[in-house]
Amino acid sequence: MTRPSPSAVHDRYAARILDQTALLTSAVAGADHAAPVPGCPGWTLAHLLRHVGGAHRWAETIVRTRATGPVSDDQVNDVTPDEGDDLATLSQWLTEGAELFADTLRATDPDVPVWTVAPGGTPEFWARRMTFETVVHRFDATAAVGAKYTLDAEVAVDGLDEWIEFSTLPQAYESAEVRRALIGPGRGLHFHATDAPEGTGEWLIDLTGEPFTWRHAHGKATTAVRGPLTDLLLLLYQRRSPVAADGIEVLGDEGLFADWLTGAGHWLRK
């Protein structure tokens, strides 16, 4: 199968960021800016929108300036709402930031080198990362207002690919000791999305030694995790629980899965 051109990939992620941002702002229209966000303890909807908008602008700065080293992420982490903030104003600001980032992506050579927090080194890394920053926080926003959340299957598969790819990288873990504790003879994890398009919904992660590897495949593993695509993605981001009540089934070594999820998800908690 021919891989899409880098420019086509840029355009696809730019469109997804705009689409997910529009769905997020639509979900919170008319809501209380002080409504608590269940997936982000201590945050209100105002905090959430400031965080997502700050993340878009941070990534846009990295891509636009062709940054070769770390760029301050204060605007991602300093999410304290201003006095008088309201959701209409914040939603407009969020939309403007998403449009700015999308325009910058489309105007940037996809092969230009930029600093990234993990292997990649091109704007595509940030295009993909900000897509799923928006996807997951859109879920947080819909949960805060009690709205229904749905996600396109192709987007969910890509989100699972990204998270699982990160889980194989040493820098995803708090320490080498945490990572080594997961290694063992015959150890592995198998994810099966029960509603995925044929040929796209299985992931096999090899934990038998360094380096950790993953591939799309069906195979035996120490632990098998089954559930719908969107629920599996939300499980990895710890917005779902590995229980049947959340539509997810964990078979085999549940302790290994719990340890892997905590260890491999450290990058999200940095």
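Heavy atoms only: backbone and side chains are in, while hydrogens, waters and symmetry mates are out.
Under the 30°/60° scheme for interplanar angles, the aromatic rings of F125 and F166 are found to be tilted.
The side chain to side chain donor-acceptor pair (under 3.5 Å) check on T89 picks up D86, with sequence neighbours excluded. Checked against salt bridge (charged side-chain N to carboxylate O under 4.0 Å, His left out), E249 has the following partners two or more places apart in sequence or in another chain: R226. Applying the salt bridge (charged side-chain N to carboxylate O under 4.0 Å, His left out) test to E177 and every residue at least two apart in sequence or in another chain returns R180. Residues that satisfy the salt bridge (charged side-chain N to carboxylate O under 4.0 Å, His left out) test with D19, not counting sequence neighbours, are absent from this structure. Residues that satisfy the salt bridge (charged side-chain N to carboxylate O under 4.0 Å, His left out) test with D206, not counting sequence neighbours, are absent from this structure.
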Which pairs of donor and acceptor atoms, one on a side chain in residues 94-104, lie under 3.5 Å apart (sequence neighbours left out)?
unit_1	atom_1	unit_2	atom_2	d
T95	OG1	S91	O	2.9
E96	OE2	Q92	NE2	3.2
T104	OG1	E60	OE2	2.7
T104	OG1	L100	O	3.0

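With salt bridges taken as basic N to acidic carboxylate O contacts below 4.0 Å, none links R128 and E124. The pair R16-D152 fails the salt-bridge criterion, with no side-chain N (NZ, NE, NH1 or NH2) lying under 4.0 Å from an Asp/Glu carboxylate O.
Using a 3.5 Å distance cut-off with no hydrogens or angles, the side chains of H266 and S175 do not pair a donor with an acceptor.
Ring to ring, H218 and H190 are close: their centroids are under 6.0 angstrom apart.
Under the 3.5 Å distance criterion, the side-chain polar atoms of W203 are left unmatched by any main-chain donor or acceptor of L189.
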